[in-house]
Structure formats: C-alpha cells, structure tokens
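Data first, discussion second: the structure below is written as structure tokens.
All residue numbers refer to positions in the sequence shown, counting from 1. Just so we're clear, the structure is a prediction, and the values are computed from it rather than from any experiment.
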Amino acid sequence: MIETAIHNIEEDLHTDIENTAIKYLDSILQEDIRFYDKDEDCMEFLLFLSVQHQRTEKIKKSVLEASSLKMSRWLCLKMWNVLRHIFAINVAWVLYAERNFLG
C-alpha cells in the first residue's frame, strides 16, 4: 500500500509538470518561443524538459553505472525517484541561469 501511494504521488507530480508544459509545447508548434523570455515561463519549461530527460532509462542506467560501489548502486536505485527530481531541478536551474549567456 505504501509503495502504491509513493508511486501515485510521483505520477501526480509528473502529471502536473506535464500539464503545465502543454501551453509551451503548443507555442513551440506555432513557432512562437516568446515564453522563453519570461522568467516564470522559462523556468517551468526548462523544469519540464529536465524532468523528462531524467525519466529516461538511459539516464538512470548511466547514473547507476557511475556508482562505483555495489552499496551505492543499491542506494541510488532505491532513491532514484527522489534523486532524479533533484538532478532535474539542478539541470533546469543551470539552463535557466545561463540562458542569456548561451546566445
């Protein structure tokens, strides 16, 4: 029962993030990326991208392989659902903070 609740909480979080991104994806399809110049919109969109990236099996596998000790791999696996959100927030923040320096 606890495992189901944990899973559902994370899925609800992902659903909220994905629902927030719909307006940005629609804008991109209209070839309009002006939202990227607005701080809050830019942050939301970059968080969405980062979360989606961290959800991939390839990223999870890479992180687990980078864990050198068997115990650290086990801990990473057990904590992956939390870790990927921490990683995604950090990636999104760096992309947001440095967005004006990339052009």
Within this structure, what is the [atom1]-[atom2] distance for the pair [X] and [Y], rounded to the nearest 0.5 Å?
{"X": "K61", "Y": "T56", "atom1": "NZ", "atom2": "OG1", "answer": "11.5 Å"}
{"X": "E40", "Y": "M43", "atom1": "CD", "atom2": "CE", "answer": "6.0 Å"}
{"X": "Y24", "Y": "D26", "atom1": "OH", "atom2": "CG", "answer": "11.5 Å"}
{"X": "H53", "Y": "R84", "atom1": "NE2", "atom2": "CZ", "answer": "13.0 Å"}

Using side-chain contact (heavy atoms from CB on, under 4.5 Å), reason through I9 and L13 one step at a time and then give a plain yes or no.
CA-CA 6 Å; I9 288 169; L13 175 60; 5.7 Å; no
By side chain to side chain contact (heavy atoms under 4.5 Å, CB included) - contacts of [X] (at least two apart):
{"X": "N19", "value": "T15, I22"}
{"X": "N90", "value": "I86"}
{"X": "L49", "value": "F45, L46"}

Could you work out, with side chain to side chain donor-acceptor pair (under 3.5 Å) as the rule, every residue matching [X], not counting sequence neighbours?
{"X": "E31", "value": "none"}
{"X": "D32", "value": "R34"}
{"X": "Q54", "value": "none"}
{"X": "Y96", "value": "D39"}

Taking only residues two or more places apart in sequence, or in another chain, which ones meet K60 in a salt bridge (Lys or Arg N to Asp or Glu O under 4.0 Å)?
none
Could you tell me which residues satisfy salt bridge (Lys or Arg N to Asp or Glu O under 4.0 Å) with E11, sequence neighbours excluded, listed by chain and number?
R55
Got a sec, which residues hit ring pair (Phe, Tyr, Trp, His ring centres under 6.0 Å) with H14, two or more places apart in sequence or on another chain?
H85
Audit row: F48, T20, side-chain contact (heavy atoms from CB on, under 4.5 Å) steps and yes/no:
CA-CA 8 Å; F48 162 72; T20 300; over 6 Å; no
Atom CD1 of residue position I33 - does it have more than 12 heavy atoms of other residues, nucleotides or ligands inside 6.0 Å?
no
Look at atom NZ of K38 and say whether more than 12 heavy atoms of other residues, nucleotides or ligands are closer to it than 6.0 Å.
no
Would you say L64 ends up clustered with V82 if hydrophobic residues are merged whenever their side chains have heavy atoms under 4.5 Å apart, either directly or through other cluster members?
no
When clusters are formed from ILVMFWY side-chain contacts under 4.5 Å, directly or step by step, what else is grouped with I59?
V63, M79, W80, L83, F87
Taking all heavy atoms of V91 and all of S50, pick out the closest pair and write down the distance.
CG1-OG, 3.5 Å
What heavy-atom pair brings R99 and Y36 nearest, and what distance separates the two atoms?
CB-OH, 3.6 Å
